[in-house]
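So you know, we letter chains A, B, ... as the sequences are listed, proteins then strands, and number each from 1.
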Number of protein chains: 2
Amino acid sequence: MARILTVTPNPAIDVTYRVDRQIVGETIRVRDVRRIPGGKGLNVARVLRALGREVGTLQPLGGEAGSWIARELADGGIPVHPVPIAGETRTTVAVVDDLAHPTLLAEPGPQLSDDEWARLLAVLADAVSVDDWVVVAGSFPPGAGPEHLAAMIDATHRAGARVLVDTSGALLLTAADAGADVVKANELEVREATEVDGLDDAVPRLTRHGATVMVSRGSAGARMTGADGVVHSRTAVPDVSGNPTGAGDAATAGLVAALAQGRDAQTAMEWAAVCGAAAVLNDVAGAIDVDILPELAARIGGTAPSVLER
Amino acid sequence: MARILTVTPNPAIDVTYRVDRQIVGETIRVRDVRRIPGGKGLNVARVLRALGREVGTLQPLGGEAGSWIARELADGGIPVHPVPIAGETRTTVAVVDDLAHPTLLAEPGPQLSDDEWARLLAVLADAVSVDDWVVVAGSFPPGAGPEHLAAMIDATHRAGARVLVDTSGALLLTAADAGADVVKANELEVREATEVDGLDDAVPRLTRHGATVMVSRGSAGARMTGADGVVHSRTAVPDVSGNPTGAGDAATAGLVAALAQGRDAQTAMEWAAVCGAAAVLNDVAGAIDVDILPELAARIGGTAPSVLER
């Protein structure tokens, strides 16, 4: 079966600090510390692994933080294609209490040299095979330009594989223009990138070079528009509340799991909805419990993602 | 000349995040990231090195964070006596902007096993020689008890060396009772530890087992009380404003540099005042510029710390 490679151009150690109360200007004792390898592509890879898919991951990693991420991924059974860099991989810190919204402190991440970008592209070209899917997800490091995303899409296509891009801002336009097979974004990201208000007017800006565009709309469900203009819609799974962090990445995993298995657009959207809902119901950000997938699928009258034996 | 060994029982990577504005509940882009090996003993060691003293450092280090600290210290020419531990060395995060006080997020740090405590004591006993000074500074990791501090003091004395302890809370009493040669604290710490309000009444609680007690009083200067009850006072260096972070540790470095060189109590207090003031005037927390020491010493009519050739 086709393998799914995720590319995370700007990975991070995602640190969560639980505190009694967030107060600016104080010394705050951290009650509990959690660290996980973070970045959208790595979140997608974890959910794909829970679904029993064959995955690989590819991200620039540097310094002790990079070593830690590589070791944690390996310990979790997630293969890493190494792309060593001179800079130190970044950290993001989420500060959470029971009273306020979490505060997220996001480091910019290390800039990659031209040689390091070339190395990342060479590793990608070497890792990807015909019929594989590549998922490029998340922000890009400082100094990265549209040419780097376009080169990833190109390297994937040369290998006979397909590529889904989940990013935002100008890179969303780059993805669509450079021939990504699937572009995934939420409604706000589409509006901001295209500077067009209504989805009906904004989406054709993204499909005109052949991309299928999946737009998530929160509780309003999602819409997928093919390059042929055919639109599929689905509702969200009802009565789901909990931890939304990482739910979008779980949805991306459901989507690409279906596409890599040759399922149709409607099924792919159902799997995305079901995986996203499963992530919301899980206390651990972005993790899913595969046992609840059939019940969630039944709520939208859809099919549950298949969970493969490994 | 006598060597000065600093012991940092609960070291940290001290991270400083500069942001435009601290707001609870928002996603905040970090504009600038600084990381330094942190913990009071390591701050003391850096200033001693700037003064040209022969130093050594000794701290439990674990995981990638521990490796990073060890490498940074070695790169800065500060010798490390390794005490490897299974846990991951902690991080502290200071979030600073131009509007509010900094927010400090302090991780508790890894607990040490009995074997790891035994190893730390063995490394200390092995590293320290007759006439050396040992500085034990900062908080202790979770699960540590007074017996660990008492054992460090004992190991130092068995080697014919002397020990200065800079800590707070119940451990301040432990230090005094276990025979530390010098105990350093600020006025508030002395009041909290002894539960006695006036310094005249509180200090004898700390000197009764032979400790000399140095109490810093901010802009009011400092007082040193010997076991014989003789009190020396000095004023603070006037007209100094800037970054107070790490100034107390710089003062400790000045103090122990003088004592290790056989200088008298009054000179030791002057060196402490001058080094502390130099740290306040430096943008980098706890760092000093040795060229300004004579001018600062002149302001209090005292002698400047000698800066030795290495």
Side-chain angles (χ1 to χ4, degrees), chain A residues 10 12-37 61-72 75 87-111 139 141-142 168 245, chain B residues 10 12-37 61-72 75 87-111 139 141-142 168 245:
Chain A
N10 197 15
I13 300 181
D14 279 350
V15 178
T16 303
Y17 283 163
R18 176 154 283 281
V19 303
D20 290 338
R21 190 160 171 206
Q22 304 181 59
I23 307 174
V24 167
E26 301 271 314
T27 291
I28 300 171
R29 177 178 279 270
V30 176
R31 297 292 172 192
D32 183 65
V33 184
R34 303 263 163 114
R35 286 186 161 76
I36 59 166
L61 293 175
E64 273 78 5
S67 303
W68 185 87
I69 288 179
R71 206 192 58 221
E72 285 288 308
D75 287 354
E88 177 93 13
T89 294
R90 71 187 177 130
T91 294
T92 64
V93 178
V95 188
V96 301
D97 61 23
D98 290 332
L99 300 159
H101 282 284
T103 304
L104 190 73
L105 297 156
E107 295 183 18
Q111 195 158 344
S139 68
S168 58
T245 310
Chain B
N10 197 16
I13 299 181
D14 279 350
V15 179
T16 303
Y17 282 164
R18 175 154 284 281
V19 304
D20 290 338
R21 189 160 171 205
Q22 304 181 60
I23 307 174
V24 166
E26 302 271 314
T27 292
I28 301 170
R29 176 178 280 270
V30 175
R31 297 292 170 192
D32 182 65
V33 184
R34 303 263 163 114
R35 285 185 162 75
I36 60 165
L61 293 175
E64 272 79 4
S67 304
W68 184 87
I69 288 178
R71 206 193 56 221
E72 285 288 310
D75 287 354
E88 177 94 12
T89 294
R90 72 187 176 128
T91 294
T92 64
V93 178
V95 188
V96 301
D97 61 23
D98 289 331
L99 300 159
H101 282 285
T103 304
L104 189 74
L105 297 155
E107 295 184 19
Q111 196 158 342
S139 69
S168 57
T245 309

Closest contact, heavy atoms only, [X] versus [Y]:
X        : Y        : answer
B:Thr103 : A:Ile23  : CG2-O, 3.7 Å
A:Arg35  : B:Glu107 : NH2-OE2, 2.9 Å
A:His101 : B:Val24  : O-CG1, 4.4 Å

Chain B contacts, top residue of A:Pro108, A:Ala106, A:Pro102, A:Ala65 (heavy-atom pairs, under 4.5 Å) =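 Looking at each of A:Pro108, A:Ala106, A:Pro102, A:Ala65 in turn, A:Ala106 comes out on top.
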
Do A:Glu64 and B:Arg71 have side-chain heavy atoms sitting under 4.5 Å apart?
-> yes

Partner of A:Leu105 under side-chain contact (heavy atoms from CB on, under 4.5 Å), picked from B:Val33, B:Ile28, B:Val15, is B:Ile28

Tell me, side chain or backbone of B:Glu26 under 4.5 Å from chain A's heavy atoms, or both, or neither?
->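 Backbone only.
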
If contact means a heavy atom pair closer than 4.5 Å, which residues of residues 90-99 of chain B contact chain A?
->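 The stretch touches chain A at B:Thr91, B:Val93, B:Val95.
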
